[in-house]
Amino acid sequence: MVAGANFNFNGCQVYKGYLDRFEQHALLSELRMIVSKAPLFSPLTPWGKPMSVKMTSAGKYGWYSDHKGYRYIPKHPNGTHWPEIPRSIQAIWHDLCGDQPNPECCLVNYYEKKAKMGLHQDKDEKNLMHPVLSISLGDDALFRIGGQNKNDRTESIWLSSGDVLVMSGASRLAYHGIDRIKYGSSQLLKSGGRLNLTLRVVD
DNA sequence: AAGTCTCT
DNA sequence: TAAA
């Protein structure tokens, strides 16, 4: 569908408007199913502060954090297996990442009005070469990305509902985060806020 | 520090 | 309040 990315920074590609409104709503109903089986929760950082972002996962693994550190776990804290990753989400992965193994984790992050996420690297996976794909739904978010060192120069871009971002190659281990969201900027979520889906190969 | 504080 |  999309020939090429329309933003590129250190190899991080952003496909603005990848999902149309119809596709965004379809994705949203898939997410409602996931959240009903695997409710959102606020993980604790390893140093005991609750994260402002609420999250859950789908797939073989879910991302988790507490005093023991960042890791992937095979079950939701409620003891049940994570729901399966919907086919429609897998299709986006294969469209943009091509010949890659199937994603094993679809992390669902929910940002309410004041939620943000500090600069970090995605490095809890066994093979750090597989791409990371992120889908934005709902309110606009100010995304910041730098290089592989925390003090590298950073650049910011507004992500909107329907945008898809892929971090591969040089950007796979780039520091990135969300500085803030523009609460109420999208009508997609009746409740307001932003949903972000992150697809990763874990093993 | 996947947070937060501080400085502008 | 936004940038870093």
Side-chain angles (χ1 to χ4, degrees), chain A residues 7 9-10 12 14 31 34-35 38-77 82 103-128 130-160 163-168 170-186 192-202:
Chain A
F7 172 85
F9 178 73
N10 283 347
C12 166
V14 179
L31 292 177
I34 291 171
V35 170
L40 294 165
F41 59 94
S42 296
L44 289 177
T45 59
W47 52 99
K49 306 266 184 181
M51 293 176 58
S52 58
V53 173
K54 289 186 177 138
M55 55 181 68
T56 189
S57 293
K60 183 178 178 185
Y61 297 110
W63 189 84
Y64 192 69
S65 173
D66 63 14
H67 66 284
K68 294 181 196 165
Y70 305 144
R71 62 197 184 278
Y72 286 95
I73 58 176
K75 288 180 178 178
H76 186 278
W82 304 102
E104 297 165 314
C105 176
C106 175
L107 176 63
V108 179
N109 283 336
Y110 176 63
Y111 294 76
E112 59 83 42
K113 198 167 190 172
K114 289 291 172 188
K116 53 200 147 190
M117 192 171 284
L119 278 184
H120 68 281
Q121 290 175 297
D122 286 17
K123 55 177 183 185
D124 305 314
E125 303 75 34
K126 282 181 188 154
N127 183 333
L128 301 176
H130 297 300
V132 171
L133 183 150
S134 148
I135 304 167
S136 295
L137 292 172
D139 289 340
D140 295 346
L142 187 56
F143 175 78
R144 196 161 94 209
I145 182 163
Q148 302 196 358
N149 299 110
K150 186 111 193 226
N151 48 3
D152 286 345
R153 183 180 63 89
T154 63
E155 198 160 290
S156 296
I157 181 176
W158 281 99
L159 296 177
S160 309
D163 294 351
V164 178
L165 177 155
V166 178
M167 293 193 297
S168 59
S171 64
R172 176 59 180 81
L173 286 171
Y175 275 87
H176 59 282
I178 295 292
D179 283 342
R180 61 199 152 92
I181 70 164
K182 202 180 286 175
Y183 188 77
S185 55
S186 165
R194 170 180 190 254
L195 279 168
N196 180 70
L197 309 184
T198 311
L199 298 175
R200 302 186 186 94
V201 177
V202 175

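Below, chain A is the first sequence line, B the second, and so on; all start at residue 1.
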- Message: Show every salt bridge (charged side-chain N to carboxylate O under 4.0 Å, His left out) that has at least one partner inside residues 103-117 of chain A, sequence neighbours left out.
- Response: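 Counting only pairs at least two positions apart or across chains, no salt bridge (charged side-chain N to carboxylate O under 4.0 Å, His left out) contact touches residues 103-117 of chain A.
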- Message: Per the salt bridge (charged side-chain N to carboxylate O under 4.0 Å, His left out) rule, what does the pair list look like for residues 131-149 of chain A, sequence neighbours excluded?
- Response: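 Sorted result for residues 131-149 of chain A: A:Arg144-A:Asp179.
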Shorter than 3.5 Å, N or O on both sides, protein versus nucleotides 3-8 of chain B: list them out with atom names.
| residue | atom | partner | partner atom | Å |
| --- | --- | --- | --- | --- |
| B:dG3 | OP2 | A:Gly118 | N | 2.2 |

- Considering only the P atoms, how many Å lie between B:dT8 and B:dT4, rounded to the nearest integer?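 Result for the P pair: 23 Å, nearest Å.
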If I take atom [atom1] in residue [X] and atom [atom2] in nucleotide [N], what distance separates them, rounded to the nearest angstrom?
{"X": "A:Tyr175", "N": "B:dA1", "atom1": "OH", "atom2": "C1'", "answer": "9 Å"}
{"X": "A:Asp122", "N": "B:dA2", "atom1": "CG", "atom2": "P", "answer": "10 Å"}
{"X": "A:Lys123", "N": "B:dA1", "atom1": "NZ", "atom2": "C1'", "answer": "11 Å"}
{"X": "A:Ile178", "N": "B:dA2", "atom1": "CD1", "atom2": "C1'", "answer": "11 Å"}
{"X": "A:Leu44", "N": "B:dA2", "atom1": "CG", "atom2": "C1'", "answer": "12 Å"}

- Item | For A:Asn109, all residues meeting side-chain hydrogen bond (donor to acceptor under 3.5 Å, both in side chains), sequence neighbours excluded |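 None.
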- Considering residues at least two apart in sequence or located in another chain, which fulfil the side-chain hydrogen bond (donor to acceptor under 3.5 Å, both in side chains) criterion with A:Thr198?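 A:Thr198 satisfies side-chain hydrogen bond (donor to acceptor under 3.5 Å, both in side chains) with A:Asn196 once adjacent residues are dropped.
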- Task: Output all residues satisfying salt bridge (charged side-chain N to carboxylate O under 4.0 Å, His left out) with A:Asp66, sequence neighbours left out; order by chain, then residue number.
- Result: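 Testing A:Asp66 for salt bridge (charged side-chain N to carboxylate O under 4.0 Å, His left out), a comparison that skips the adjacent residues, returns A:Arg71.
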- Which part of the nucleic acid, if any, lies within reach of A:Asn196 when heavy atoms closer than 4.0 Å are counted: base, sugar-phosphate only, or nothing?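 Nothing: the residue A:Asn196, judged by heavy atoms under 4.0 Å, touches no strand.
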- Item | 4.5 Å side-chain heavy-atom contact, A:Met117 and A:His176 |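 No - every pair of side-chain heavy atoms lies 4.5 Å or more apart.
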- Message: Going by ring-ring contact (aromatic ring centres under 6.0 Å, His included), name the residues that satisfy it together with A:His76, two or more places apart in sequence or in a different chain.
- Response: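 If we apply the ring-ring contact (aromatic ring centres under 6.0 Å, His included) test to A:His76, skipping adjacent residues, the hits are A:Phe41, A:Trp82.
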- Message: Holding to side chain to side chain contact (heavy atoms under 4.5 Å, CB included), I want the full list of residues that pass it with A:Asp152, two or more places apart in sequence or in another chain.
- Response: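 With neighbours one apart ignored, the set is A:Asn149.
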Please produce a list of atom pairs where a protein N or O lies less than 3.5 Å from an N or O of nucleotides 1-4 of chain C.
| residue | atom | partner | partner atom | Å |
| --- | --- | --- | --- | --- |
| C:dA3 | OP2 | A:Arg180 | NH2 | 2.7 |

